[in-house]
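Taking it in order: structure first as structure tokens, then the write-up.
Whatever order the structure lists them in is the order used to number ligands and atoms, beginning at 1. All values reported here derive from a predicted model rather than from experimental measurement. Side-chain atoms are counted along with the backbone in the values below, which use heavy atoms only and exclude waters and symmetry mates.
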Amino acid sequence: MISRRALLTGAGVALAAGPLRAAPTPLSLADSAKGAGLLYGASIGQEALDDPAYAALYRRQTSILTTDVALKFDWLRPTPDRFDFSYADAILGFALDSGKPLRGHTLIWNDRAPDWLKRLPGREVERIFDDHIERVVSRYAGKLYAWDVVNEPFWPLDGKSGGWRDGPWFAAMGPSYVERAFRRVAAIDKTGRLALNEAQCDNDHDWGKSIRPLLAGLVERLLDAGAPLDTVGLQSHLQPQWPADYPAFAHYIEGFAARGLTVSITEFDVNDSVFPDDVAARDRAVAATGATFLNAVLAVPAVDMVVNWQLSDRYSWYRELSRRPPRVLPFDDADRAKPLASAMTAAFAAAPPRRLPAPRRQ
Ligand code: 9MR
């Protein structure tokens with residue numbers, strides 16, 4: 001018999017309860033998301049291939065992965081005449097071994113173009129565009145859950161009429177490069193869901209306010225033209241230092257849903273730069289921001305997944321930008337769950353149920 005005092009202090013409980021009564025393992029983020037019919041995932045790169053503990057965190061916590069840089073043009077095409085698929089193949093191998101679907105990020109992006117591409121005349125850039133899609137999509141057709149076919153089409157600060165992001169693809173083809181990319185990918189890959197991925201739309205800074213209508217207009221035009229678009233990716237690198245109205249953002253998402261599209265949250269993290277230095281206070285503020293955002297956004301049943309941009313703070317892209325080690329993701333530098341992870345679990349648990357999207361429309 002265990003004394004009341006022992007029960008209250010916990011002494012002897014482990015002995016009496018034995019291993020069968022051990023504390024239940026908390027649900028993973030993927031399991032919590034699954035309850036609502038959502039996928040949960042994170043971008044993944046070399047770090048996970050090199051670090052077994054980090055790889056295990058992906059295996060346990062996620063139900064979908066996104067290539068971080070491995071499928072970007074500049075990584076695949078170090079020189080004009082060479083395709084290097086080794087990195088992307090390794091990430092796909094990890095995804096297959098782990099039984100996780102993989103999102104391919106990103107085929108076409110006007111940013112980060114290699115210098116050799118920028119030097120070429122427009123005609124040659126067009127040829128390389130078509131050839132790149134052909135080679136890359138043929139290699140991975142049928143193996144990816146989705147493609148970010150075009151990333152970040154708009155960047156009004158580039159000064160182009162229509163707010164388009166400038167770069168070699170835009171310079172060579174103008175706005176038509178977007179529809180051309182979607183059609184060419186769809187002609188090769190019959191199952192991968194095709195996404196148009198954009199940044200900034202979640203905030204009410206000038207950037208968010210200007211890009212939101214531009215993206216909505218592009219989506220309308222693509223759908224009216226019969227282009228094979230399945231989903232809108234909204235990156236959601238939240239910037240709590242700027243104004244935001246997440247219920248209004250959810251309403252914006254409903255506009256895409258009304259056109260029959262799903263919406264994926266593709267690069268979620270919470271910039272912590274304006275939050276206190278005190279780690280506990282900062283973690284609480286990050287978690288509260290994440291909770292407010294997810295509770296609003298997940299109320300829309302067309303949202304099919306939430307994907308973080310990396311999984312642990314140790315590998316966040318903010319590491320290079322921040323004045324102090326960032327705490328912007330659900331797991332800390334030692335892969336321990338933070339308050340943001342609990343907030344996400346709670347938001348997934350509270351989300352109305354939905355069905356995972358069917359394979360891509362033909
Ligand atoms: O996190 C990515 C970083 O490692 C790369 O150097 C960079 C350029 O390829 O891209 C970062 O990822 C970006 C993503 O591709 C698009 N949205 C913003 C992401 C963070 O900058």
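Not a single heavy atom of W75 sits under 4.0 Å from any atom of ligand 1. At least one heavy atom of E152 sits under 4.0 Å from some atom of ligand 1.
Ring pair W155/W164: centre-to-centre distance not below 6.0 Å.
When each atom of ligand 1 is checked for a heavy atom of H105 under 4.0 Å away, the hits are 14 (C), 15 (O), 16 (C). Using a 4.0 Å cut-off to heavy atoms of D68, the atoms of ligand 1 that qualify are 1 (O), 2 (C), 4 (O). Listed by number with element, the atoms of ligand 1 under 4.0 angstrom from any heavy atom of R112 are 8 (C). Listed by number with element, the atoms of ligand 1 under 4.0 angstrom from any heavy atom of N151 are 16 (C).
In this structure, R314 pairs ionically with D51, as a charged nitrogen and a carboxylate oxygen lie closer than 4.0 Å. In this structure, E198 does not pair ionically with R212, as no charged nitrogen and carboxylate oxygen lie closer than 4.0 Å. Under 4.0 Å is where a charged nitrogen must lie from a carboxylate oxygen, and between R221 and D224 no such pair does.
Among protein heavy atoms, the minimum distance from atom 19 (C) of ligand 1 is reached at E267 OE1, 3.4 Å.
The part of V69 lying near ligand 1 is the side chain, judged by heavy-atom distances below 4.0 Å.
Only one option out of D333, D272, D283, D332 pairs with R327 in a side-chain hydrogen bond (donor to acceptor under 3.5 Å, both in side chains); it is D283. Here the rule is side-chain contact (heavy atoms from CB on, under 4.5 Å) with Q235, and of D269, V307, D202, N151 only N151 fits it.
Residue W309 holds the heavy atom nearest to atom 13 (C) of ligand 1 of all those in F73, W317, W309.
At least one N or O atom of Q235, backbone or side chain, sits closer than 3.5 Å to an N or O atom of ligand 1. Between K72 and ligand 1, at least one pair of N/O atoms sits closer than 3.5 Å. Considering backbone and side-chain atoms together, W109 places no N or O closer than 3.5 Å to any N or O of ligand 1.
Remark: R135 is not positioned above the aromatic ring of F85, lacking an NZ or CZ atom under 6.0 angstrom from the ring centre and at most 45 degrees off the axis. Taking the ring axis of F83 as reference, the NZ or CZ atom of R77 stays within 45° of it and closer than 6.0 Å to the ring centre.
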